[in-house]
Amino acid sequence: MRDRIDRLLATAGAEDFLGARFDAGLAWVHFPEGLGGLGAPRELQQVVDRELAHTPQPNIGRQAIGLGMAAPTILAFGTPEQQKRFLRPLYTGEEIWCQLFSEPGAGSDLATLATRAVRDGDEWIVDGQKVWTSGAHHARWAILVARTDPDVPKHRGLTYFACDMHAPGVEVRPLRQITGEAEFNEVFLTGVRLGDDLRLGEIGDGWRVAQTTLMNERVAIGGTPGRQGGGMIGIVSDTWRAQPALRTPELHQRLLKLWVEAEVTRLSAVRLREQLAAGQPGPEGSGMKLSFAKLNQELTGLDLELRRDLGYDDWSFRRSDEVDMLGRGPGYRYLRAKGNSIEGGTSEILRNIIAERVLGLPSEPRADKDVPWKDLPR
Amino acid sequence: MRDRIDRLLATAGAEDFLGARFDAGLAWVHFPEGLGGLGAPRELQQVVDRELAHTPQPNIGRQAIGLGMAAPTILAFGTPEQQKRFLRPLYTGEEIWCQLFSEPGAGSDLATLATRAVRDGDEWIVDGQKVWTSGAHHARWAILVARTDPDVPKHRGLTYFACDMHAPGVEVRPLRQITGEAEFNEVFLTGVRLGDDLRLGEIGDGWRVAQTTLMNERVAIGGTPGRQGGGMIGIVSDTWRAQPALRTPELHQRLLKLWVEAEVTRLSAVRLREQLAAGQPGPEGSGMKLSFAKLNQELTGLDLELRRDLGYDDWSFRRSDEVDMLGRGPGYRYLRAKGNSIEGGTSEILRNIIAERVLGLPSEPRADKDVPWKDLPR
Amino acid sequence: MNQPAALGTVHDEGARSLLYTEVEEELRTAVRALLADRCPPSSVLRRAETAEVHDLDLWKTLSREIGVAGLLVPEEYGGAGASAREAAVVLEELGRGVTPAPFFTSSVLATRTLLDLGERDLLRELAAGEKTAALAVPFAATPYRAAGVPLEIGDGTVTGRVAGVAGADVADVLLVPSADGAVFAVEARHAAVTTQPSLDLTRPIATVSLASAPARNLGACDLGAVLRFGAGLLASEQLGVAEWCLDTTLSHVRERRQFARPIGSFQALKHRLADLWLDVVRARAAARNACAGAPLAVAVAQAWNAGVAVHVAEEALQLHGGIGMTWEHPLHLYLKRAKATEIALGTPGDHRAALASLADLPG
Amino acid sequence: MNQPAALGTVHDEGARSLLYTEVEEELRTAVRALLADRCPPSSVLRRAETAEVHDLDLWKTLSREIGVAGLLVPEEYGGAGASAREAAVVLEELGRGVTPAPFFTSSVLATRTLLDLGERDLLRELAAGEKTAALAVPFAATPYRAAGVPLEIGDGTVTGRVAGVAGADVADVLLVPSADGAVFAVEARHAAVTTQPSLDLTRPIATVSLASAPARNLGACDLGAVLRFGAGLLASEQLGVAEWCLDTTLSHVRERRQFARPIGSFQALKHRLADLWLDVVRARAAARNACAGAPLAVAVAQAWNAGVAVHVAEEALQLHGGIGMTWEHPLHLYLKRAKATEIALGTPGDHRAALASLADLPG
């Protein structure tokens, strides 16, 4: 592997460096050879990343869905043709991916989604509305879950597709948030025709395929411990240090308390990463996003109060390509952080998951598990 | 009424003052004449209580269940004979009452209780076990709910009785608490025979009768606003003032915060009392016990931490006739306060009640409402 | 367990009532009906980004027909001669509507200043709804620290600058307190008032710049007392904000279905909503108690209600899920108002700190 | 929403591991098996009110056969030469069992003092389990304030009195630090040790009175450093207490039925338990991180874990309902231990206050 890294560094030019890296099997070393990997243990990726830290990198902002969610799903469920077709341009950034999962009527209860895909020969005709799609306006492809059988219980009638965002009938509309900007989109699908070769996994198996996607999403969110006293607690601490006039004993106590919470949360993320590296993945991952969301919300609220700032940086309605929490003003951060406990699984859903899957608590009585989707009350 | 008060004060001797007060209709003025009242508006009781503040009073500790719960239930559901028989000695303290509701298997879910009462001619034969009975060792009578029909859903098969605590088959055992003392009892009922004339309300109507009792219990708990800065917050504040060496900025912030919470909670109780006096009872009562429990628990915890006291006053196992939260040491208060969110309806049950009855939120799906009691899973 | 521990002792409260009077309820009904008709949250949202955030047509009706502008002004100066209790009820309703009307800034803060100064003519104009005024101090000023503006005082003119002023954008008259306690009246046309992007879209703040602006010295006033009076009434506006957020969330969770159930039937949400309700119940008692303006009552009400409004608004957003994160739902207007009033006129922490002396709990 | 905001930046942590090694897990298994066999919570409860709270038979096995008494003692003095990490694992298990054994007082606090003083002979005796020792300071002393005892020092004797000492009731040797930093060794038989009724039934405190007691001056030691070392390891005991409370509550709510359902199926309880679990997960990371004794790591671990142990124990009691309020259920032993250790060796507030300088967050 050392050889490959050295060879890559020696030969590849800057303009298609990522393509060369993919071809060298150094994109994600645990993927198979020919698909950007070497079939090597996952832990080795850290070594590769360190060695290649100063080379051109994927655009984490735009490519987040592709790299973090589409790629592992395509690897797990795609046909060899699909893997060959999609993974390289996904990695190089030539093709941006977005995610067509949530709907206005199906948020926490994703499995109840209503977007239909009806078989028509070798094609599927898709109709429905998706929401909270980041990057849809840049995307070439989407991962899509649609209902292919309304006559069976909701989890069983779903199928997973790669959706061509350039197909006729795909309409992307910006969705403005409480911060003023439109970071997300609504996507309307009207008679969109997708070839059956764009189906990922079996017909009716879409829920299981989507679980792979969502698991990867949540790991991606919680999995990166920052440095001690860094991130949002660092921003508040810096203000605190720089402006003694703002300090009060009350704010001091709250800052100290949150500093402790930020630090123990960070230590948990560090420990989680050590567990993963040691091949002992624990259930702790489920909790990381939950803790980060709560912390981020409390810290951004304290930040505003500490500054006694009644202003705002910019309400104007504009598209934003990337979220830069820390680079905007305190008002923006306060508002944007409210989404942290909703996006990628609400904190309520995460608590359910922890309670049932980690703590083994019995599930609630459910009326929706064995009823055909079409007969569910809505 | 003024006349009656003056006449009572002029004529009654100290030894049976309470009997004379009852006979004068000044025990509870809204009760009917002849039953300790005058059929007067409830608000007037405050006036009477003020005027008679310096006369002999009922023993609130020992008579709490009788005065607060048994009396209103007997008034609402008792026959004229039962009212005549029970109310006067209940008021004077000649006969102490206790409450046989909770069971080891039926706490929050009281309606699932298993103590059986089987009809035998003019009598009922009662078998079962009750728990958390305060004052059972002093009591002459108990209010009792028992199951008279196991073949109907749980709420419908209950009947309410006055239980003779001197009857053969009634056994009272002290129940030791985490404070060390035994404030409560377990009561074992084995073949206890109760005449049908001790039944309160109709056969099968016990749940409705018990609701009257429980409503009165919760109103009694939350209904008495203290003075500003008094009660438990007063105890902590006094320590704070008296011992400057104990103070830290952190404890100061917590004390100030709890002082505010204690004060707004007290103001709500004042407002609730004003509403009742103005004949506008609001739903706010449901929340008072919940707030007081939380406050009492936080304050007693802060009190211990503030004093850095690792000692305890007395662990010895003994009966206690009355609960004197404020008169014991900080460790006792801390432990005893833990019961505040359990006794008389757990905070969880109270939140359910607020959510459903006050806020009109839909109830959870329930599997136990229409099933015969005997078929319920246990 | 059957018998709870004693939680306190009975004590008589005296005559001060925490209830609403019939007159107050009638006033509430009138204001609420007008707002529902003329200025529902959806129309507040539409105005929020325009140049005219404040609905001055509505304000004309509110101030002249319902007479809210003169509530605190004695009858002899054309006002209603009502007490702060009535103003508090109006504020509850304006909070419920996040209504962009200058009642709090003109009819409470500025009016209270003018009452202190005995400025009959200006009071008469404010009471009649002919003019509005604003107290030119930072809205984030606290009653517990000197908040006067550093002014250069000329011959009948003043020069200076103060940022973060609420209500200045629609004021005809600015009341500018100097650092040494004198208050100057400046016609707004002689000042440069620059609205800045504000966290609270429905009560924007502005920077007021005075360059040798003609000014009339109205004498000295106790600015701390004015701000405290305002802080006490702001607790009622916060109550209104919290009430709207709670009511709207209750409606939402009763309607919104996930997992084939209304989400309001999920126990975790029910318990959180029960706790929020209990917070609001106590905020109501605190707000009523603070109307009279007693320093301790004001500190308690602000320390409690400011946080309750923010907490309820935040929970409302969370329980609305993604819908609450969209611009098109008016909830964010309430969140922004709640967070801004938490900072305005002293943070909860400032008001708690004041209790150290007010409640004899020295640090 | 699909894409979350960035929450921080990646940073390499270096080599220090927060995991348990295989050796540590073996030690844990041995201790846990012994405690399950010899000293389950029911038997701890039975002892709690007797004259012999501490189970000295068990202690003999623990200290001699498993060798926990000498964990921190170098091999050359007959110890295991292990690090604080192994001692922390033992403390987790002793916390899980609220085990009445003098490990923390003798094998951690006293041993750490003797290591500082280089007292080989005593260390050898402690490591062999032949003697136990106790550091005669109030258990509520904090590492951040001078905790020495005011002593009258005679010719080879000391006179003085110190209250609230943990482990003194079973100590053979008392290590008495004077106010000026010297530590005196006093045989327990020369001291009057009076156990007082203690909040924590399983680690009672005592008053130690010395009246011209023969004493050996062992030299000076950094008492603050000793207490900080203890505080860091106490975080592992608190972790164990919290873990037992959480596990026991999970079992209870899975079994206990009300409304024809296990109460653990009610969502409000599930969410609270999920939050408690997350608190405990973080307590584990904090405890591991504090083993090495770095001042900041210790302050963080105590500031977090002390409160978590109390909170989990309190929630455990509430979720057990009436059963948790009874003496016969061992839960109260854990609540009492948790609350006592919250006060011991600095409250969470004391440790947070220390962060003002340790994390450069001046007040």
Side-chain angles (χ1 to χ4, degrees), chain B residues 64-65 99 101-102 132-135 184 221 224-227 229-231 237 240-241 247 249 252-253 255-257 259-260 263-265 267-268 270-271 274-275 278 284 287 290-292 296 323-326 336-337 339-340 342-344 348 351-352 354-355 358-365, chain C residues 1-13 16-19 246 250 253-254 261-262 264-267 269-279 281-286 288-289 296-297 299-305 307-308 348-349 351-356 359-363:
Chain B
I65 307 270
Q99 181 193 21
F101 278 27
S102 296
W132 296 117
T133 312
S134 57
F184 298 95
I221 293 173
T224 50
R227 69 182 167 77
S237 303
W240 181 265
R241 290 174 195 129
R247 299 177 194 163
H252 194 219
Q253 292 304 325
L255 177 61
L256 291 171
K257 208 161 180 178
W259 202 93
V260 168
E263 174 63 0
V264 298
T265 304
L267 289 169
S268 297
V270 172
R271 188 163 190 273
E274 288 182 1
Q275 286 178 305
E284 288 83 354
L290 194 55
S291 342
F292 274 120
N296 231 27
V323 182
D324 179 12
M325 267 301 282
L326 308 186
R336 182 59 187 82
N340 294 164
I342 300 171
E343 58 202 343
E348 289 73 25
R351 286 194 192 94
N352 284 347
I354 292 171
V358 182
L359 305 182
L361 293 175
S363 61
E364 291 189 274
Chain C
M1 279 168 250
N2 302 328
Q3 188 191 330
L7 294 160
T9 49
V10 182
H11 184 79
D12 201 78
E13 266 303 292
R16 177 166 43 92
S17 170
L18 301 176
L19 305 181
L246 180 58
L250 288 170
V253 301
R254 280 188 214 110
R261 291 165 58 175
S265 71
F266 283 99
Q267 199 194 34
L269 271 52
K270 289 164 86 163
H271 281 202
R272 277 158 68 177
L273 286 160
D275 285 338
L276 292 181
W277 172 79
L278 198 49
D279 287 347
V281 163
R282 292 183 283 184
R284 191 172 298 120
R288 288 276 85 191
N289 189 54
L296 185 135
V300 165
Q302 267 302 310
W304 184 258
N305 289 23
V308 168
H351 291 282
R352 278 199 294 272
L355 289 173
D360 185 22
L361 299 166

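Per chain, numbering begins at 1; letters A, B, ... match sequence-line order.
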[X] and [Y]: which non-hydrogen atoms are nearest, and at how many Å?
| X | Y | answer |
| --- | --- | --- |
| C:Ala274 | B:Ala355 | CB-N, 4.5 Å |
| C:Asp275 | B:Leu290 | OD1-CD2, 4.3 Å |
| B:Gly360 | C:Arg254 | O-NE, 3.3 Å |
| B:Glu364 | C:Ser265 | CG-O, 3.2 Å |
| C:Gly363 | B:Arg247 | O-NH1, 3.7 Å |
| B:Arg241 | C:Ala359 | NH2-O, 3.1 Å |

Heavy-atom distance under 4.5 Å to chain B: side chain of [X], backbone, both or neither?
| X | result |
| --- | --- |
| C:Leu355 | both |
| C:Trp277 | side chain |
| C:Ala356 | both |
| C:Val253 | side chain |
| C:Asp360 | both |
| C:Arg261 | side chain |

When B:Ser363, B:Ala278, B:Ser268, B:Gly229 are compared by non-hydrogen pairs under 4.5 Å with chain C, the top option: B:Ser268
Among the listed options B:Gly230, B:Ser237, B:Ser291, the residue most often paired with chain C at heavy-atom distances under 4.5 Å: B:Ser291
Part of B:Arg271 within contact of chain C (heavy atom distance under 4.5 Å): both
Heavy-atom proximity to chain C below 4.5 Å, by part of B:Ala337: neither
Check: [X] side chain, [Y] main-chain N or O, donor-acceptor pair, under 3.5 Å:
| X | Y | answer |
| --- | --- | --- |
| C:Lys270 | B:Pro362 | yes |
| B:Trp240 | C:Pro362 | yes |
| B:His252 | C:Leu361 | yes |

Stepwise side-chain contact (heavy atoms from CB on, under 4.5 Å) check, B:Val264 with C:Asn289: CA-CA 9 Å; B:Val264 298; C:Asn289 189 54; over 6 Å; no
Rounded distance [0.5 Å steps], CZ in C:Phe266 versus CG in B:Leu361: 13.0 Å
Determine the option with the most heavy-atom pairs under 4.5 angstrom with chain B, choosing from [options].
| options | result |
| --- | --- |
| C:Arg288, C:Arg282, C:Arg272 | C:Arg282 |
| C:Leu246, C:Leu273, C:Leu278 | C:Leu278 |
| C:Asn305, C:Leu269, C:Val300 | C:Val300 |

C:Gln267 vs B:Arg351 side-chain heavy atoms within contact, under 4.5 Å: no
